[in-house]
> 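Structure provided below as structure tokens; questions to follow.
It should be emphasised that the depicted structure is a prediction, and the values quoted were computed from it without experimental measurement. Ligands are counted one by one from 1 in listed order, and the atoms in each one are counted from 1 as well. All values below were derived from every heavy atom in this structure, side-chain atoms included, with hydrogens, water molecules and symmetry-related copies excluded.
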Amino acid sequence: MRTCNNKAQLQAFVQQYRKEGLTVAFVPTMGNLHQGHLDLVRKAHKLCDVVIVSIFVNPLQFGPNEDLDAYPRTMAADKEKLFSEGVQLLYAPCVEDIYPQGMEQQTVVSVPDLGDTLCGSSRPGHFDGVTTVVNKLLNIVQPDSAIFGEKDFQQLSIVRKMVDDLCMPVTIVGVATTRDEDGLALSSRNGYLSPEERSIAPLLHQTLNTCREAIACGFDNFLQLESHARMQLLQAGFEPDYFAIRDARTLQTVTEDSEEVAILAAARLGNTRLIDNVRLSLNPVGDWRMLADG
Ligand code: PAF
């Protein structure tokens with residue numbers, strides 16, 4: 001596995017792959033890799049000849065009071081994992097390689113509406129930071145496909161819209177959430193949980209599932225379902241940020257035109273903010289059907 005720390009080096013390798021007629025899949029990450037990331041890499045191998053992974057903790061997507069400094073950086077262990085997965089190239093730039101003029105001078109890519117709701121309301125500026133860095137990384141790597149996890153469902157929707165709106169020549173591929181046996185979605189932030197918090201954490205997914213089952217059984221008072229779920233999370237010790245039943249395409253309220261529903265939640269457990277989601281689609285006779293969520 002080759003490691004490049006700057007974009008000129010990386011682009012020289014990509015040019016060489018292209019000369020050899022090879023296709024390229026790209027997996028952007030912030031490191032501290034777990035099985036969820038490795039599942040993205042496995043999907044990438046299925047799609048293309050060469051797999052490139054980036055590790056870059058992007059300061060532009062962290063708010064002033066968020067965990068940028070504490071965010072786990074585990075480069076040596078990450079490299080070993082990527083090597084074992086047969087990744088051909090790791091791009092691990094420093095902040096100056098991505099933001100040579102500094103972050104204040106950086107042109108920002110902002111996706112309207114989709115980026116303003118849910119995590120966008122509680123983390124102002126977060127998605128502008130994500131779309132700006134993803135746009136830059138895609139322009140640097142110029143892959144055929146880029147792979148993202150469905151755990152960050154809002155992020156995936158926003159990236160898809162950016163690529164579509166800006167006519168970017170890349171296919172965005174979503175991969176189902178990887179979960180621990182008790183249902184907790186794998187996340188780099190799970191490592192912040194104390195043993196007691198870790199034992200409560202799977203309740204987030206259970207609450208999403210209970211809500212999804214209720215909808216699949218025909219219960220259609222979504223406001224009641226949302227407030228019941230928030231109450232359950234509060235009682236279990238979470239501080240819910242949102243628990244929302246939304247149209248999966250627009251991330252706005254479900255309407256009679258909605259064909260797929262996403263139930264999305266973000267909640268704090270101690271100092272750790274967890275997010276998760278599950279989905280349902282409308283079947284041909286007009287009933288909601290649960291979709292596999294990994
Ligand atoms: O999902 C992440 O790890 C990050 O938001 C991403 C897509 C790598 C951009 O920094």
Side-chain angles (χ1 to χ4, degrees), residues 4 7 10 25-41 43-44 51-63 66-75 77-78 81-82 87 89-99 103 106 108-111 114-115 118-120 122-141 143 145-163 166 168 170-178 185-192 264 266 272-277 294:
C4 297
K7 48 185 176 286
L10 172 103
F26 175 52
V27 182
T29 81
M30 297 206 300
N32 193 230
L33 303 178
H34 50 67
Q35 189 55 46
H37 296 109
L38 304 185
D39 288 348
L40 305 185
V41 168
K43 180 68 180 183
V51 176
I52 301 180
V53 174
S54 65
I55 295 184
F56 178 63
V57 182
N58 173 34
L60 201 61
Q61 70 189 73
F62 287 78
E66 293 185 353
D67 57 346
L68 174 63
D69 292 335
Y71 199 84
R73 285 147 171 99
T74 52
M75 188 58 83
D78 291 349
K81 289 178 187 163
L82 295 177
V87 167
L89 206 156
L90 166 65
Y91 177 42
C94 59
V95 174
E96 290 71 33
D97 197 46
I98 298 292
Y99 301 114
M103 290 197 292
Q106 175 60 51
V108 169
V109 179
S110 186
V111 171
L114 275 181
L118 303 168
C119 285
S122 38
R123 301 184 69 188
H126 168 67
F127 285 119
D128 288 355
V130 171
T131 42
T132 301
V133 81
V134 170
N135 189 293
K136 294 192 79 150
L137 290 169
L138 292 176
N139 287 335
I140 293 167
V141 179
S145 300
I147 330 294
F148 293 82
E150 287 179 351
K151 182 178 85 70
D152 298 296
F153 187 74
Q154 187 175 11
Q155 168 173 283
L156 175 60
S157 309
I158 289 170
V159 168
R160 283 192 201 282
K161 180 160 164 56
M162 171 186 74
V163 162
L166 299 181
M168 297 169 72
V170 58
T171 303
I172 301 298
V173 178
V175 171
T177 305
T178 307
L186 295 193
S187 161
S188 298
R189 292 191 166 96
N190 291 354
Y192 299 153
L264 309 107
T272 312
R273 187 172 182 276
L274 300 175
I275 61 170
D276 202 349
N277 70 88

> Identify the residue among V159, V141, L138, N139 that makes a side chain to side chain contact (heavy atoms under 4.5 Å, CB included) with V170.
L138
> Students should be able to answer this: which protein heavy-atom is nearest to atom 3 (O) of ligand 1, and at what distance?
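Closest protein heavy atom to atom 3 (O) of ligand 1: M30 CG, 3.6 Å.
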> Heavy-atom pairs closer than 4.0 Å: do any link ligand 1 to the side chain of V159, the backbone, both, or neither?
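Neither part.
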> Applying salt bridge (Lys or Arg N to Asp or Glu O under 4.0 Å), name anything that partners R189, two or more places apart in sequence or on another chain.
D67
> How would you list, by chain and number, every residue that makes a salt bridge (Lys or Arg N to Asp or Glu O under 4.0 Å) with D97, sequence neighbours excluded?
K7
> Counting each atom of ligand 1 from 1 as listed, which ones have a heavy atom of V133 under 4.0 Å away?
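It comes down to these atoms of ligand 1: 9 (C), 10 (O).
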> Would you say T131 and N135 are linked by a side-chain donor-acceptor pair, where the criterion is simply a distance under 3.5 Å?
no
> Which one of Q155, H126, Q61 has a non-hydrogen atom at the shortest distance from atom 10 (O) of ligand 1?
Q61
